[in-house]
Amino acid sequence: MSDIIHLLPDSVANQIAAGEVIQRPASVIKELVENSIDAGALHIDVSVTDAGKTCIQVIDDGKGMSETDARLAFERHATSKIREAADLFALQTMGFRGEALASIAAVAQVELRTCQEGEELGTCLTIAGSKVEGHEAIACPKGSNFMVKNLFFNVPARRKFLKSNQTELSNILTEFERIALVNPDVSFTLHHNDTELLNLPAIPLRQRIMGVFGKKLNQDLLSLDIDTTMVKIHGFIGKPETARKKGARQYFFVNNRYMRHPYFHKAIAEAYEHLVPTGEQVSYFLYFEIDPSHIDVNIHPTKTEIKFENEQAIWQILSASVKETLGRFNAVPSIDFDTEGMPDIPALDLDVHPVGQLPQTSYDPSYNPFNQTRVVSPSSYSSSYGQKARTDWEPFYQGLEKGGDKADWQQGNFFPEESAPEEPVSHEEPMLYTDSEAEVALEKTTQHYQYKGSYILTSVKSGLMIIDQQRAHVRILYDQYMAQIESRKHVSQRMLFPDMVHFSPAEIPVLEDIMDDLQALGFDLSSLGGGTYSINGTPAGIEGLNPETLVTNMVQAAIEKGCKVKEEVQSLLALSLAKAAAIVPGQVLTNEEMNSLVDGLFAVATPNYTPDGKTVLTVVKEEDLEKMFK
């Protein structure tokens, strides 16, 4: 029987490894820029074409590589960062696996130009699909210049499933932001299709955060600094009043490495408990410095998951330091009795009025406000109304005396004689499809009842219908907004004083991608440069809502969903705006408002469910009601 186990060729093994390390163009930029930082670069230029699908170029002024090192760097498990297993627990660099360059060269066409300081000539190396195509000496500046072209050219399935340019560019900017936030002493530039997106000089950390996310964030941050024998934590946390449901800037860094850590995030969330509304979060930028031997970063190829030796103790330190910072800056709200300008309440002077001899009050038992012949003196009634005679009131009640003529009070048409009850306006009987696909029709009635400001109760032929008023309004508004988007006939209200909203570089591509749909809804935005936009107009009918919050939430929703199909994005925007503009639970409605809401609900095509599949109404059948009282 022949042997069936064999070693895979290096090119195939590299492509398999690339599946974990290189997932999209953003992964290439992350690996190359981190290598530049490990090489001691102080200035890094990144240029991408077609969101990195066509070309990615990373130029640095680091120490460069020799001719031998340049060739060896593209071999699997070739690295200058570690030499033995023990070095994994003393890492001071971003990379250490020795897989990144080999993985990139396996799925792209790579050209490297590099030169060490003091050398007259450098090296130019060309590789495509793990095969070396060129190797020569050239004149080039100190540092390294990587050019990665046609990513996944030999893996068409991977290239096919790359998302739109706007989405991939957003992912690139997200990775770029993480690196820039942890290396404020390095200057960065980022260009896309020859357009400069970011230019970040080497500045202090707080200014670097402002350079990435806008100067407005500066007033929202509180400084945090705690130093213990176990861990040192410094950075910034947001004020409670800046909490938001979506779009909070939340970053953890450990020894200059970005990480995700839900457990530590929970520590911050608990510190803000009772300070921010439920479901809202604050921004934070926290940097941990810890002995490398107490953490393990070798968990996943992306290196964003890190294990801590003393995780619970660090959790307690983090929670305590956040609470201390909030208290030190008086960010914790306190009960403030504002008595400025209020009159003092006089205390009872027992020397003047001993116990048992309290001051007595007097009143006039003969005073009658309906007595038109009597004028109340100021001494007996201090109100200004008591200083003039009362108006005759008898004419208002003429004809209402006991036994009076019926015609006298009928003249006011309060109780028209022989008036038949007015025929109530009937609802059109809609076709509602429940789980049992039974048809339910509203009875001919306009009387509805509201329960706890959240539900509308109305009688139908088969029993009692219960409608969630907020979801019903969402259903109605969603259809209206979708009709606006499809027809492009929006109704926009100009703002007297435009609002300003700032977006991070990673959010701008998504905003530009949905800009046409936002305009169809009625938003009028214009770019002021630097990621700042002016909101000049808003959709009609959203008075009282914060336009800045609305636009931010819709952009964040588009980022979270990652919608690629245009129709899905439009539906997402319409739903986000409908939820924001809908009536809130607890809002008391008049019978006319309930009538209008119910009529509008049954005018839509699918009144039973909200656009995201939540139940709008339910019917308690008459026989079920009868069973309850047996």
Side-chain angles (χ1 to χ4, degrees), residues 34 37 92 94 174-186 188 200-244 247-273 275-276 280-292 294-295 297 303-306 308 310-332 502 504-506:
E34 286 183 349
I37 293 173
Q92 301 293 338
M94 296 296 100
T174 298
E175 291 290 352
F176 199 82
E177 288 171 1
R178 294 170 180 173
I179 298 174
L181 288 174
V182 81
N183 295 282
D185 54 339
V186 179
F188 295 91
L200 303 173
I203 50 178
L205 177 59
R206 191 175 187 118
Q207 281 69 28
R208 170 58 59 85
I209 296 174
M210 301 306 109
V212 175
F213 297 111
K215 296 180 180 179
K216 185 179 179 181
L217 190 61
N218 186 38
Q219 60 188 3
D220 300 335
L221 298 180
L222 304 175
S223 298
L224 181 149
D225 195 353
I226 186 73
D227 191 357
T228 67
T229 56
M230 183 178 299
V231 63
K232 180 180 179 181
I233 306 174
H234 68 95
F236 307 94
I237 59 175
K239 298 178 181 178
E241 58 267 25
T242 64
R244 56 204 300 188
R249 326 290 188 185
Q250 298 178 333
Y251 294 89
F252 282 128
F253 300 96
V254 178
N255 294 350
N256 293 337
R257 186 189 305 277
Y258 171 79
M259 75 163 180
R260 296 186 180 95
H261 209 294
Y263 186 56
F264 288 167
H265 172 77
K266 185 178 179 181
I268 298 179
E270 288 193 3
Y272 280 91
E273 193 174 10
L275 299 181
V276 300
E280 296 190 2
Q281 298 178 342
V282 296
S283 299
Y284 56 76
F285 305 84
L286 295 178
Y287 299 77
F288 295 71
E289 295 180 16
I290 190 171
D291 188 340
H294 295 163
I295 61 175
V297 299
K303 310 182 190 76
T304 59
E305 300 177 14
I306 299 178
F308 289 77
N310 301 303
E311 195 171 63
Q312 186 173 1
I314 296 177
W315 190 97
Q316 295 173 347
I317 294 173
L318 175 61
S319 178
S321 61
V322 172
K323 292 179 181 178
E324 179 187 1
T325 300
L326 292 174
R328 185 170 66 252
F329 287 92
N330 295 322
V332 179
H502 184 86
S504 69

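These values consider heavy atoms only, across backbone and side chains, with no hydrogens, waters or symmetry-generated copies. Just so it is clear, the model here is predicted, and its values are computed rather than measured.
In this structure, the ring of F288 has its center less than 6.0 angstrom from the ring center of F252.
A distance of 11.5 Å separates CG of N255 from NE2 of H294, quoted to the nearest 0.5 Å. Residue I233 holds its CD1 atom at 7.5 Å from CD1 of I226, rounded to the nearest 0.5 Å. The line from CD of E241 to CG of L275 is 10.0 Å long, rounded to the nearest 0.5 Å. One finds the CZ atom of R178 at 14.0 Å from the CG atom of N183 (value rounded to the nearest 0.5 Å). Note that CD of E177 and OG of S504 are 4.5 Å apart. Values are rounded to the nearest 0.5 Å. Rounding to the nearest 0.5 Å gives a distance of 4.0 Å between CE of M230 and CG of N310.
The two residues V282 and Q250 have their closest heavy-atom pair at O-NE2, 3.0 Å.
Counting heavy atoms from C-beta on, the side chains of R208 and F188 come closer than 4.5 Å. Taking the side chain as every heavy atom from C-beta outward, S223 and T325 never approach each other to under 4.5 Å. For the pair Q207/N218, no side-chain contact is recorded, criterion being any heavy-atom separation below 4.5 Å from C-beta on. For the pair L222 and K239, the minimum side-chain heavy-atom distance is below 4.5 Å. Side-chain contact between F264 and I314: present, with at least one pair of heavy atoms (C-beta onward) separated by less than 4.5 Å. When side chains are defined from C-beta on, P184 does not count as touching R206, because their heavy atoms never get closer than 4.5 Å. The shortest distance between side-chain heavy atoms of V212 and P505 falls below 4.5 Å. In this structure, the side chains of I268 and L318 come closer than 4.5 Å at one or more pairs of heavy atoms.
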Step-by-step side chain to side chain contact (heavy atoms under 4.5 Å, CB included) determination, Q281 to V276: CA-CA 7 Å; Q281 298 178 342; V276 300; over 6 Å; no
Take F213 and F285 through the side chain to side chain contact (heavy atoms under 4.5 Å, CB included) test and state the conclusion after the steps. CA-CA 12 Å; F213 297 111; F285 305 84; 3.5 Å; yes
Pair Y284-R249, side chain to side chain contact (heavy atoms under 4.5 Å, CB included): steps then yes or no: CA-CA 6 Å; Y284 56 76; R249 326 290 188 185; over 6 Å; no
Yes or no on side chain to side chain contact (heavy atoms under 4.5 Å, CB included) for F308 and I290, after CA distance, side-chain angles and deciding distance? CA-CA 10 Å; F308 289 77; I290 190 171; 4.1 Å; yes
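Of the possible donor and acceptor atoms, one in the side chain of Y272 sits under 3.5 Å from a partner among the backbone N and O of G238. For the pair S319 (side chain) and W315 (backbone), a donor-acceptor distance under 3.5 Å is absent. Side-chain atoms of E289 do not come within 3.5 Å of backbone N or O of V231 as any donor-acceptor pair.
The aromatic rings of Y287 and F253 lie parallel to each other, their planes meeting at an angle below 30°, with 60° marking the opposite boundary. In this pair, Y263 and H261 present their aromatic rings tilted. The plane angle is within the 30 to 60° band.
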